[in-house]
Amino acid sequence: MPPTTEKTGTRGAPLRLGDRVFAGASTGAGVLILVILAGVAAFLVSEAWPAVTAPSEEIPGEDNIVLYIWPLLFGTLLSAFLALVIATPLAVAIALFISHYAPRSVATILGYVIDLLAAVPSIIYGLWGAQVLAPQTVDPTQWLEDNLGFIPLFDGPASATGRTMLTVTLVLAVMILPICTAVVREAFLQTPRLHEEASLALGATRWEMIRMSVLPFGRSAIVGGAMLGLGRALGETMAVAMVLSVSGDVTFDLISQANPSTIAANVALSFPESSGTEINVLIASGLVLFIVTLLVNMAARAVINRRRDFSGAN
């Protein structure tokens with residue numbers, strides 16, 4: 001009989017028609033995502049270019065495009081970074097409690113509750129931040145000004161409304177907490193059982209076992225989850241727009257009313273009333289945010305993939 005010419009897979013098994021169709025559909029979906037991403041990038045570049053070449057008198061505030069975008073980029077990075085500083089330790093602690101300390105029934109319920117935070121709409125977080133959290137921060141921020149005013153972060157004068165960068169930071173920290181927690185929790189649950197049992201067998205306490213076995217195994221997941229949360233915080237729009245009292249200043253002061261806006265919030269608030277070159281300027285700021293977010297997510301993917309081939313038997 002003549003030799004068969006049927007295609008085979010990576011392990012030598014023949015590929016059936018359904019396998020070939022599924023492989024082609026998966027490849028097409030991946031290519032489609034890249035095409036859409038390239039299309040978005042091309043749109044942003046083409047629409048932002050008129051703002052780059054426009055004279056300064058056509059730029060809002062009669063600045064050049066760099067001076068217009070810089071305060072927005074500063075506010076975006078400042079709020080996202082501080083939210084990450086708050087959310088990452090909490091995410092690690094919650095993930096450890098769910099994976100290694102809580103009873104199974106409690107861990108299951110708590111895991112559902114944490115994941116449910118990701119399903120809450122941004123506008124709900126904005127309402128909560130503006131109506132509930134902001135008034136509660138007035139007295140604490142006044143205390144910070146009185147006692148820690150020598151630190152640039154709490155220089156003051158403290159806001160009488162609580163709609164400050166500090167409030168926005170706390171809201172963003174709550175919003176990115178479920179993302180960071182989910183990534184870290186799954187990594188901790190995948191820690192090789194043999195590593196944990198070997199540590200305990202050698203006389204280690206539970207905390208020593210976590211410090212020597214669980215945390216090293218999940219280190220890349222902690223970094224990856226933090227960077228994914230950073231990507232979410234960078235692009236948050238409605239919550240920031242509803243909470244923050246904007247002045248446009250570039251300042252590290254977290255408790256005063258002189259707050260820089262963020263790129264996403266500025267686009268959402270300014271776009272309905274803009275026309276002509278003003279729209280191109282807003283799109284140019286969106287291009288900067290697109291690039292920053294893309295770099296953050298690429299870095300997160302690279303960190304996560306570093307331990308993709310790790311095995312507890314290695």
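On a predicted model such as this, the values are computed, not experimentally measured, just so you know.
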>> Please determine whether side-chain contact (heavy atoms from CB on, under 4.5 Å) holds for the pair L282 and S270, giving the CA-CA distance in whole Å, both sets of side-chain angles, and the decisive distance to 0.1 Å.
In response: CA-CA 8 Å; L282 293 176; S270 303; 4.1 Å; yes
Please confirm whether the backbone N or O of [Y] pairs with a side-chain atom of [X], one donor and one acceptor, at under 3.5 Å?
X: R232; Y: I176; result: no
X: T88; Y: V85; result: no
X: T169; Y: A83; result: no
X: N147; Y: W143; result: yes
X: T191; Y: F188; result: yes
X: S213; Y: I210; result: no
X: N259; Y: S256; result: yes
X: R206; Y: H100; result: yes
X: T76; Y: I263; result: yes
X: R163; Y: M242; result: yes

Minimum heavy-atom separation for [X] and [Y], please, with both atom names.
X: G235; Y: A264; value: O-CB, 3.8 Å
X: A204; Y: M212; value: CB-CE, 3.8 Å
X: V174; Y: P178; value: O-CD, 3.3 Å
X: G218; Y: A187; value: CA-CB, 4.3 Å
X: S261; Y: L244; value: CA-CD2, 4.1 Å
X: V184; Y: A221; value: CG2-O, 4.0 Å

Within a strict 4.5 Å, meaning less than it, do heavy atoms of the [X] and [Y] side chains meet?
X: L78; Y: L254; result: yes
X: T262; Y: S79; result: yes
X: V292; Y: L77; result: yes
X: P260; Y: V250; result: no
X: W128; Y: I124; result: no
X: T205; Y: M209; result: no
X: L172; Y: V168; result: yes
X: T161; Y: Q257; result: yes

Is [Y] reachable from [X] through a run of I, L, V, M, F, W or Y residues, each pair having side-chain heavy atoms under 4.5 Å apart?
X: L269; Y: I123; value: no
X: M175; Y: V113; value: no
X: V92; Y: F81; value: yes
X: L90; Y: L82; value: yes
X: L189; Y: L200; value: no

>> Run F74 and F252 through ring pair (Phe, Tyr, Trp, His ring centres under 6.0 Å) and show every step you take.
In response: CA-CA 9 Å; F74 175 82; F252 285 96; 5.1 Å; yes
>> Working note: T181 + E186, criterion side-chain contact (heavy atoms from CB on, under 4.5 Å); need CA distance, chi angles, decisive distance, verdict.
In response: CA-CA 9 Å; T181 303; E186 293 304 316; over 6 Å; no
Measuring from atom [atom1] of [X] to atom [atom2] of [Y], what distance do you get when rounded to the nearest 0.5 angstrom?
X: T251; Y: M165; atom1: OG1; atom2: CE; value: 9.0 Å
X: N280; Y: T53; atom1: CG; atom2: OG1; value: 8.5 Å
X: L153; Y: I151; atom1: CG; atom2: CD1; value: 7.0 Å
X: E196; Y: F217; atom1: CD; atom2: CZ; value: 9.5 Å
X: I283; Y: L289; atom1: CD1; atom2: CG; value: 13.5 Å
X: T141; Y: F154; atom1: OG1; atom2: CZ; value: 10.0 Å

>> Using the rule given for side-chain contact (heavy atoms from CB on, under 4.5 Å), can you reason through F97 versus L110, listing the C-alpha separation, both sets of side-chain angles and the distance that settles it, and then say yes or no?
In response: CA-CA 10 Å; F97 179 75; L110 185 58; 3.6 Å; yes
> Does atom OH of Y101 have more than 12 heavy-atom neighbours from other groups under 6.0 Å away?
Replying inline: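 Above 12, so yes.
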Listed pairs under 3.5 Å, donor-acceptor, residues 34-49 side chains, sequence neighbours left out:
from : atom 1 : to  : atom 2 : distance (Å)
S46  : OG     : A42 : O      : 3.0
S46  : OG     : F43 : O      : 2.9

> Which is it for D19 and R16 under the side-chain contact (heavy atoms from CB on, under 4.5 Å) test, yes or no, and what are the steps along the way?
Replying inline: CA-CA 5 Å; D19 296 328; R16 300 179 181 178; 3.8 Å; yes
